[in-house]
Amino acid sequence: QVQLVESGGGLVQAGGSLRLSCAAVGRTFSMYAMGWFRQAPGKERELVSAITWDSGITYYADSMKGRFTISRDISKKTVYLQMNSLKPEDTAVYYCAADRDVFDYSRTYYRTSRYDYWGQGAQVTVSS
């Protein structure tokens with residue numbers, strides 16, 4: 001199976017920055033898009049950002065626009081999430097995900113159920 005390996009999580013003070021990485025490791029495979037989701041204790045998993053692999057079209061949750069930036073390195077099969085101006089409410093486990101299916105992506109990119117592979121999760125803790 002395809003493995004998504006995350007790194008870059010940690011503890012940071014409010015207002016600080018952090019960059020998460022997610023690399024697709026192992027078998028050669030094609031993907032249409034990759035994204036980041038997060039889940040805080042007691043809350044549902046929610047979209048942070050997503051990017052289509054070939055064209056680089058990006059999507060952001062409203063609360064992340066202007067603070068977070070998603071990017072990818074095609075040669076490394078790696079997606080990044082640059083997080084700036086972090087707030088305590090950003091504290092969560094952040095998961096990367098890969099989607100092989102193009103179907104209706106622009107309308108359903110935010111749905112966790114459409115993604116085929118998931119990373120192990122990276123804890124991001126933002127202190128006051």
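Side chains included, hydrogens not; waters and symmetry mates left out as well; all remaining heavy atoms used.
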Closest non-hydrogen atom pair between L18 and G10, with its separation: CD2-N, 3.9 Å
P88 backbone acceptor or donor facing T91 side chain under 3.5 Å: yes
Minimal non-hydrogen separation, Y95 against G119, with atom names: CD2-O, 3.7 Å
Co-membership, hydrophobic cluster, residues V79 and F68, 4.5 Å side-chain: yes
Residue pairs fulfilling salt bridge (Lys or Arg N to Asp or Glu O under 4.0 Å) with at least one residue in residues 51-72, sequence neighbours excluded: D62-K65, R67-D90
Heavy-atom donor-acceptor pair, Q120 side chain to E6 backbone, under 3.5 Å: yes
Whether Y109 side chain and T52 backbone form a donor-acceptor pair below 3.5 Å: no
Within 6.0 angstrom of E44 CD, more than 12 heavy atoms from elsewhere: no
Flag for Y94-R38: side-chain donor and acceptor within less than 3.5 Å: yes
Within one Ile-Leu-Val-Met-Phe-Trp-Tyr cluster: V102 and L47, side-chain cutoff 4.5 Å: yes
R100 vs Y117, side-chain contact (heavy atoms from CB on, under 4.5 Å): CA-CA, chis, key distance, verdict: CA-CA 9 Å; R100 290 183 169 182; Y117 303 101; 3.2 Å; yes
Atom pair CZ/CZ of R111 and R45 - distance to nearest 0.5 Å: 16.0 Å
ILVMFWY network linking V93 to M64, side-chain heavy atoms under 4.5 angstrom: no
K87 NZ to S128 OG distance, which is reported to the nearest 0.5 Å: 12.5 Å
Between T125 and Q123, a side-chain donor and acceptor under 3.5 Å: yes
Check: Y59 main-chain N/O paired with S49 side-chain donor or acceptor under 3.5 Å: yes
Joint cluster assignment, M31 & V25, ILVMFWY side-chain distance < 4.5 Å: no
Check: I70 main-chain N/O paired with Y60 side-chain donor or acceptor under 3.5 Å: yes
Test log, rule side-chain contact (heavy atoms from CB on, under 4.5 Å), inputs Y115 and F37: CA-CA 11 Å; Y115 291 84; F37 292 77; 3.4 Å; yes
Hphob cluster co-occupancy, W36 + V2, side-chain heavy atoms under 4.5 angstrom: yes
Atom pair OG (S21) and CD (Q82), whose distance is rounded to the nearest 0.5 Å: 9.5 Å
Distance-minimising heavy-atom pair for L4 and C96: CB-SG, 3.8 Å
Salt bridge (Lys or Arg N to Asp or Glu O under 4.0 Å) pairs, two or more places apart, involving residues 113-128: D99-R114
Test log, rule ring pair (Phe, Tyr, Trp, His ring centres under 6.0 Å), inputs F103 and Y32: CA-CA 9 Å; F103 177 76; Y32 179 71; over 10 Å; no
Where M83 and L20 come nearest, the two heavy atoms and their spacing: CE-CG, 3.8 Å
Donor-acceptor side-chain pairing of T78 and D73 below 3.5 angstrom: no
